[in-house]
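Chain A is the first sequence line, chain B the second, and so forth, proteins listed ahead of strands; every chain is numbered from 1. Just the heavy atoms: all of them, side chains too, but no hydrogens, waters or symmetry mates, feed the values below.
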Amino acid sequence: MKRRLFRKLKNGAFLTLSLIATLAGLTCLAAILWTLISHGIAGMSRQLFTQMTPPPGGQGGLLNALYGSAVMTLLGILLGSPIGVLAGTYLAEYGRNSRLSISVRFINDVLLSAPSIIIGLFIYEIVVVRMGHFSAIAGALSLAVLAIPVTLRTTEDMLNLVPIGMKDSSAALGAYPWRTILSILYPAARSGIVTGLLLAIARISGETAPLLFTALNNQFWSTNLNAPMANLPVVIFQFALSPYKDWQELAWAGALIITVTILILSISARILLALLQAKGGSGK
Amino acid sequence: MAIIDPRHAAKQLIYEKIFRSATLTAAILVLMILGGVAISLLHGSWPALKTFGFSFVTREVWNPVTDQFGALAAIYGTVVTSLIAMAIAVPAGFGIALFLTELCPPLLKRPIGVAVELLAAVPSIIYGIWGLFVLAPVLQRHVQPWLIDHAASIPGIEQLFKGPPYGIGILTAGFVLAIMVLPFIAATMRDVFDTVPPMLKESGYGLGATTWEVIWHVVVPHSRVGIVGGVMLGLGRALGETMAVTFVIGNAHRISSSLLAPGTTISSAIANEFTEAVGDLYTSSLIALGLLLFAITFTVIAAAQAMLRRLERRALISL
């Protein structure tokens, strides 16, 4: 009887601890979002989107940083995702379980969690040192390297979900694999691949460390890809650590913009995936 | 019936070859990126490694003025902050995963699960700025004075909580890291728990086991490999995390016995000093730090992936 009571107590104790852990975790995370929203809203204003980043102590906006982030993220995706999609296609359709595919899959998963600052150093070594100066191109390249693993993995997973009968039918009509892939598999896996792209954009648009020594920063408006370019994460980093109240406010506003953008991207990716599954795309 | 035109067929074959080699090239490029990272870091850190040799990793000194560099303080900071983070995030993540798979009312299961996953997507700079402006002042005013008053008199650990409450430092960085990797660890563990066949759990309950007993004797043993893999993946993140730490670590290149003192980590040293580094040896030493971080995280992540590989490959969302 005593033993039973003890077991019940133990059960209750651990389950309570688990509940406390969940509550504590959710509270911390809610606290972060709350600070972000309350500080960020205070910094929201129209000049945020119409003016350049200010000199020390001055007032201004984030226009050049927003533009720079958009350009480098877009370029990063344009450069990185085709490689990711093609490599994912190789793994799913051509390589399958060849030794090359197994090692590519493994290395890709390692790259997926590798520290982004290392990628920044890599691009610094092979691009910035060669060119002799920091540039938006270098920033975009480091983001592209970060986008490849994400798109590769989703593409492979999504191609594997396409019913095998569709592939067989195409092959039975005498189509070569490339035709089957381009005309049958890609359209069938389209929303899955788009999900991967959205996730990749979400991943790279908040990256700070790799941009620190590739794109650097620029206080002024610049559209020159061959020169340092302002970008939101690095501006947030510099402004948040500064002693100026105006700069810190801009940093919070920028932080809110980034987070909201990323949350919207992640949620859209999830909705797309849910739609895909509702359509029965996951049935093999 | 159309007659197959041999020229058409030949063309198709050429397209096939082109497309196939394009995908193959892309796949090989992925391998080359990793190789390129290793080679370029080795190349960049060569001057420092040649000057200091193996003593680079055993010396604490970091003096740009006299051009003396050693990585020990940064390695120490990286390891200690990550250990603090794991000590907090692993039990808490385990608790959250347990709550989500076993206790949570079905109605809340999806919203909470999605919330946890979305928080794993929040960029690390956000955690850093929050740590600096919100968490550090709270720790400085309330938690650290208490630790200094009480924990500092416990024999054995009195050294850990000595000195003034700066707010920022090793301990704070460990906390911020913990909060950052928590959603990630919780989401991975939940996915691992979900792979346990319901039949096994029901057998446990059928024998009269309590919920905790089913978890501890059925769920955990069945998903042991996955749990360890998920924890190590989280550790890999914590070790390499840059922005969340850089804000709150204090950037002091020394090893203090106190956890309240400012310190540095490999990644935050690179982030703080790289663009300001003058002189080849300084830059090269920072790249050598990067090489070290690459070696450490590669080992941890590769081991984690090797473990998780034994489990079924899942969709990307949770990572």
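Only the side chain of B/Leu182 comes within contact range of chain A, with at least one heavy atom under 4.5 Å from a heavy atom of that chain. Proximity to chain A (any heavy atom under 4.5 Å) is shown, for B/Ser267, by both the backbone and the side chain. Neither the backbone nor the side chain of A/Ile20 comes within contact range of chain B, judged by heavy atoms closer than 4.5 Å. Heavy atoms of A/Leu36 lying under 4.5 Å from chain B belong exclusively to its side chain. Both the backbone and the side chain of B/Ile129 come within less than 4.5 Å of a heavy atom in chain A. Only the side chain of B/Thr283 comes within contact range of chain A, with at least one heavy atom under 4.5 Å from a heavy atom of that chain. With a 4.5 Å cut-off on non-hydrogen atoms, A/Glu207 does not touch chain B at all. With a threshold of 4.5 angstrom between heavy atoms, B/Thr210 approaches chain A through its backbone and through its side chain. Heavy atoms closer than 4.5 Å to chain B are found nowhere in A/Leu17, neither backbone nor side chain. The contact between A/Leu26 and chain B is made entirely by side chain atoms (from C-beta outward), counting heavy-atom distances below 4.5 Å. At a 4.5 Å heavy-atom cutoff, A/Leu256 makes no contact with chain B through either its backbone or its side chain. Looking at B/Leu119, only its side chain comes within 4.5 Å of chain A, counting heavy atoms on both sides. Only the side chain of B/Val134 comes within less than 4.5 Å of a heavy atom in chain A; its backbone stays farther off. Interface residue A/Ile258: only side-chain heavy atoms are found under 4.5 Å from chain B. Contact annotation for A/Leu23: neither backbone nor side-chain heavy atoms come within less than 4.5 Å of a heavy atom of chain B. Looking at A/Ile148, the atoms closer than 4.5 Å to chain B (heavy atoms on both sides) all sit in the side chain, from C-beta outward.
The residue from B/Val176, B/Ile168, B/Thr246 that alone fulfils the side-chain contact (heavy atoms from CB on, under 4.5 Å) condition with B/Leu132 is B/Ile168. The one candidate from A/Leu152, A/Asp157, A/Leu159 that meets the side-chain contact (heavy atoms from CB on, under 4.5 Å) condition with A/Thr155 is A/Leu159.
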Carefully, step by step, assess A/Tyr124 and B/Ser40 under the rule side chain to side chain donor-acceptor pair (under 3.5 Å).
CA-CA 9 Å; A/Tyr124 173 85; B/Ser40 67; over 6 Å; no
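Checked by atom type, the side-chain pair B/Glu213/A/Asn11 shows no donor-acceptor distance below 3.5 Å. In this structure, a donor-acceptor pair under 3.5 Å is present between the side chains of A/Tyr186 and A/Thr89.
Top candidate by heavy-atom pairs under 4.5 Å with chain B, chosen from A/Ala175, A/Gly206, A/Ala87, A/Ala255, is A/Ala87.
Ionic pairing of B/Arg190 and B/Glu117 is present here: one or more N-O contacts between side-chain nitrogen and carboxylate oxygen are shorter than 4.0 angstrom. Taking the charged nitrogens against the carboxylate oxygens, A/Arg130 and A/Glu125 have no contact shorter than 4.0 Å, which rules out a salt bridge.
The shortest heavy-atom contact between B/Trp216 and B/Val220 is O-CB, 4.0 Å.
With a 4.5 Å cut-off on side-chain heavy atoms, B/Leu177 and B/Val245 count as touching.
Proximity of the aromatic rings of B/Phe247 and B/Tyr127 is defined here by a centroid distance below 6.0 angstrom, and this criterion is not met.
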